Participant: 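Attaching a single structure in structure tokens format; questions to follow.
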Amino acid sequence: MNDSRSRVGFIGLGIMGSRMAANLARAGHELTVWNRTVEKAEAWVAEHGGIVAESPAAVGAASDVVISMVVDGAQVEQVLTGAGGVIEGAASDCLCVDMSTIAPGDTRRIGARLAEAGVRMLDAPVTGSSPRAEAGTLTIMAGGAPEDFALAEPLLRVMGDLVVHVGELGQGEVLKLINNAVAAVNATAVGEGMLLADAAGIDLKDFQRVLASGSAGSAMVDLKAKPMREHDYTPLFKLDHMLKDVRLCLEEAQAVGSPFESAGHAREVLAAAAGRGFGEQDFAALIEALEGYAGRRL
Ligand code: NAP
């Protein structure tokens with residue numbers, strides 16, 4: 001089985017999955033897809049070709065490689081090893097490539113369950129939000145056996161421009177959670193700095209221009225300063241999902257006994273914004289919680 005001949009399935013056509021799968025279709029793969037909300041799968045196939053499967057098990061039966069991109073560990077478990085899951089239809093040498101961001105412990109448990117049925121698993125979470133998913137320029141960090149990585153790598157390279165094998169199953173998730181917690185800490189600091197700049201009478205466009213080109217420049221300044229300033233929370237990456245990732249990162253930090261105090265602060269800010277009803281909005285909405293603390297609005 002190699003990439004040019006392998007049959008590819010895709011489960012989860014949300015903000016990220018729909019765009020990642022579209023790149024695979026553009027690269028010539030006729031995908032078998034499944035999405036919980038079937039209308040989204042039908043609309044995707046109408047645009048990109050391929051086949052809508054009735055269940056994750058049917059995706060497994062029709063595929064040599066099954067990619068999943070859902071939200072959390074419970075969902076990955078459901079679509080891969082639950083009732084009607086991939087495991088029920090997959091041939092014994094099928095490879096599951098889970099690209100969702102979930103707890104590394106969940107990945108290892110699901111991988112062990114799949115292995116009992118002879119099905120292999122790779123974790124390959126991604127960083128870069130929907131514009132990079134659309135452009136096929138995600139950063140992808142994978143964990144699993146070297147031969148499984150080698151099999152999946154050509155597909156991963158269609159979706160990402162930096163693809164790194166970082167260790168055994170679950171290690172991709174560990175690194176992904178650290179990445180997102182660092183990003184959340186940075187976005188929180190950008191919001192706090194912005195509130196201070198505003199209170200001190202500095203024009204926020206000047207704030208953004210200077211930070212973007214100076215020593216505080218970051219992807220968070222580039223992507224989130226403007227939405228925070230404009231209170232535009234059109235979701236690229238939902239706040240609830242970022243909160244999930246920071247919480248999972250703190251669990252990992254606790255498990256290995258490593259401090260990450262600033263991530264604890266970011267978790268509180270995100271939780272406060274979720275509590276104000278912004279969970280389904282972009283995580284730039286963390287500014288709403290910071291404005292609450294500051295008692296002033298940008
Ligand atoms: P999303 O737009 O909310 O899409 C979630 C997908 O999961 C949809 O296909 C949804 O199906 C499906 N789903 C939800 N609940 C389900 C269930 N109970 N059973 C089966 N499927 C279910 O999320 P997203 O932004 O694409 O994120 C997907 C993953 O990528 C998450 O783990 C996230 O942390 C990670 N991620 C996101 C970004 C980003 O910038 N957005 C970046 C890097 C990584 P329906 O269509 O039926 O709702």
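Please read these numbers as outputs of a predicted model, since none were measured by experiment. Numbering of ligands and ligand atoms starts at 1, following listing order.
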Participant: Heavy atoms only, cut-off 4.0 Å: how does Val126 contact ligand 1, side chain, backbone, both, or neither?
Facilitator: both
Participant: I need the atoms of ligand 1 closer than 4.0 Å to a non-hydrogen atom of Lys40, numbered in the order shown.
Facilitator: 45 (P), 46 (O), 48 (O)
Participant: Give a yes-or-no answer on whether the side chains of Thr127 and Asn179 include a donor-acceptor pair shorter than 3.5 Å.
Facilitator: yes
Participant: What do we get for Lys244 next to ligand 1 when only non-hydrogen atoms under 4.0 Å count, side chain, backbone, both or neither?
Facilitator: side chain
Participant: Which bit of Arg36 gets closer than 4.0 Å to ligand 1, counting heavy atoms only: side chain, backbone, both or neither?
Facilitator: both
Participant: Do we see a donor-acceptor contact under 3.5 Å between the side chains of Ser68 and Asp98?
Facilitator: yes
Participant: Considering Asp240, Leu13, Ile15, Val71, which one's heavy-atom position lies nearest to atom 5 (C) of ligand 1?
Facilitator: Val71
Participant: Give the contacting part of Gln75 toward ligand 1: side chain, backbone, both or neither, where contact means a heavy-atom distance below 4.0 Å.
Facilitator: side chain
Participant: Any idea which atoms of ligand 1 are less than 4.0 Å away from a heavy-atom of Gly12?
Facilitator: 9 (O)
Participant: Between ligand 1 and Gln78, can you find any atom pair, the residue atom being a heavy atom, that is separated by under 4.0 Å?
Facilitator: no
Participant: For ligand 1, which part of Thr37 has a heavy atom less than 4.0 Å away: the side chain, the backbone, both, or neither?
Facilitator: both
Participant: Test of understanding: given a 4.0 Å heavy-atom threshold, classify the contact between Asp72 and ligand 1 as side chain, backbone, both, or neither.
Facilitator: neither
Participant: Considering only heavy atoms from C-beta outward, does the side chain of Val79 approach that of Trp34 to under 4.5 Å?
Facilitator: yes
Participant: Considering only heavy atoms, which of Trp44, Phe237, Trp34, Phe10 lies nearest to atom 33 (C) of ligand 1?
Facilitator: Phe237
Participant: Closer than 4.0 Å to some heavy atom of Lys238 - which atoms of ligand 1 meet that?
Facilitator: 1 (P), 2 (O), 3 (O)
Participant: With heavy-atom distances below 4.0 Å as the criterion, list the atoms of ligand 1 near Thr101.
Facilitator: 32 (O), 34 (O), 35 (C), 44 (C)
